[in-house]
Amino acid sequence: MTSPTPRFDAVMFDCDGVLVDSEPITNGVLRSMLIALGWEISERDCVDLFVGRALADEWAVIHRHTGFRIDDEWLASFRSRRNLALRAGLVPIAGAEEAVKAVAALMGERFACVTGADRGKAEMQLKIAGLDQYFGDRVFSGVEMPRSKPAPDVYLAAAAALRVDPAAAVVIEDSVAGVTAGVAAGATVYGFAPAGPAHAAPEVLRAAGATLVFTDMAELPELIRA
């Protein structure tokens, strides 16, 4: 019996909503702070506008709805409240650890966590979820790039660090901004769309450029095998 071989040269996972179930927590904190500024934003709109994007980059839309220009102090307050909430309630996405273990067995070290969020958040979440042991130093933050998602910079940087052509890599994403970033990098993008208000609908991810969409992390290992 021959061993399975990978369809791609590398696998690049988004973090929020793909590896950890953080979006309901993070968006709950963000929404409450936006409401406090006078913007009666709905849960759906908060998800659609902010998931997958660096919050600091979205200052203009917040200013337009509130008249308030978010600054470093406001962002620090948000991150502090967010981190407290994440430490209290974060869990991994169902099946994420099993999927990552299978990917590690198939790919060796040619896989990474590639997030639009700040590095501190990503590394904290991976540790809480028990996934840090698999990724080691292969964690890449869009906040550290010239442009974060939906620009491709962080995926290009991750591919370069993994020494692979982005066109030979697959990206696993659950947001429009993330899918857009992966496509712009030249990678194949698989959309992850489990049921729930914090995730984009399958047709939305396909419209953004996802090659296929799956709804259960248990499906992923087979999807990346040749």
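Values in this document were obtained by computation on a predicted structure and should not be read as measured data.
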Problem - Working for side-chain contact (heavy atoms from CB on, under 4.5 Å), residues Leu90 and Met124 - result: CA-CA 10 Å; Leu90 183 70; Met124 176 189 73; over 6 Å; no
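- Between Leu156 and Ala185, the closest heavy-atom pair is CD2-O, 3.7 Å.
- Under a 4.5 Å side-chain heavy-atom cut-off, the cluster of Ile, Leu, Val, Met, Phe, Trp and Tyr residues that includes Val171 is completed by Met12, Val114, Phe140, Met145, Val154, Tyr155, Leu162, Val164, Val179, Val183, Val189, Leu205, Val213.
- When all heavy atoms of Arg138 and Phe111 are compared, the closest pair comes out as NE-O, 2.7 Å.
- Note on Leu75 and Trp39: same hydrophobic cluster, where clusters join Ile, Leu, Val, Met, Phe, Trp and Tyr whose side-chain heavy atoms are under 4.5 Å apart, directly or indirectly.
- Closest non-hydrogen pair, Ile172 versus Met217, comes out as CG2-CE, 4.3 Å.
- Looking at every heavy atom in both residues, Gly17 comes nearest to Ser22 through N-OG, 4.1 Å.
- Smallest separation of non-hydrogen atoms from Ala169 and Ala187: O-CB, 3.6 Å.
- Taking the side chain as every heavy atom from C-beta outward, Glu23 and Ser175 never approach each other to under 4.5 Å.
- Val18 and Val51 fall into different hydrophobic clusters, where Ile, Leu, Val, Met, Phe, Trp and Tyr are joined by side-chain heavy atoms under 4.5 Å apart, directly or via other members.
- Side-chain contact between Leu106 and Pro221: absent, with no pair of heavy atoms (C-beta onward) separated by less than 4.5 Å.
- Linking Ile, Leu, Val, Met, Phe, Trp and Tyr residues whenever their side-chain heavy atoms come within less than 4.5 Å places Tyr190 and Val100 in a single cluster.
- More than 12 heavy atoms of other shown residues, nucleotides or ligands fall within 6.0 angstrom of atom CZ in Arg44.
- Nearest heavy atom pair, residue Ser42 against residue Arg31, reads C-NE, 3.5 Å.
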Exercise for the section: Evaluate the criterion side-chain contact (heavy atoms from CB on, under 4.5 Å) for residue pair Arg79 and Asp118; output intermediate values, then yes/no. Expected result: CA-CA 10 Å; Arg79 289 172 178 154; Asp118 54 282; 3.9 Å; yes
Practice task
With side-chain contact (heavy atoms from CB on, under 4.5 Å) as the test, would you mind laying out the steps for Thr115 and Gln125 before giving the verdict?
Solution key: CA-CA 11 Å; Thr115 180; Gln125 292 183 147; over 6 Å; no
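- Counted within 6.0 Å of CG on Asp72, heavy atoms from surrounding residues, nucleotides or ligands total 12 or fewer; the atom is thus considered open.
- Hydrophobic clustering of Ile, Leu, Val, Met, Phe, Trp and Tyr side chains at less than 4.5 Å, counting indirect connections, unites Trp74 with Leu49.
- Between the CG atom in Leu19 and the CD1 atom in Ile93 there is a gap of 8.0 Å [rounded to 0.5 Å].
- The side-chain hydrogen bond (donor to acceptor under 3.5 Å, both in side chains) pairs that include a residue from residues 87-111 are Glu97-Tyr134, where partners are two or more places apart or lie in different chains.
- In this structure, Val176 is not a member of the same hydrophobic cluster as Val61, with clusters built from ILVMFWY side-chain heavy atoms closer than 4.5 Å.
- In the displayed structure, Arg206 atom CZ is contacted under 6.0 Å by more than 12 heavy atoms of other residues, nucleotides or ligands.
- Note: Phe192 and Phe214 have tilted aromatic rings, judged against thresholds of 30 and 60 degrees for the angle between ring planes.
- For the atom pair CG (Leu86) and CZ (Arg81), the distance works out to 14.0 Å, reported to the nearest 0.5 Å.
- Using a 4.5 Å heavy-atom cutoff, the side chains of Arg119 and Val139 are in contact.
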Problem - Worked check of side-chain contact (heavy atoms from CB on, under 4.5 Å) between Leu30 and Ile41 - result: CA-CA 10 Å; Leu30 174 59; Ile41 186 171; over 6 Å; no
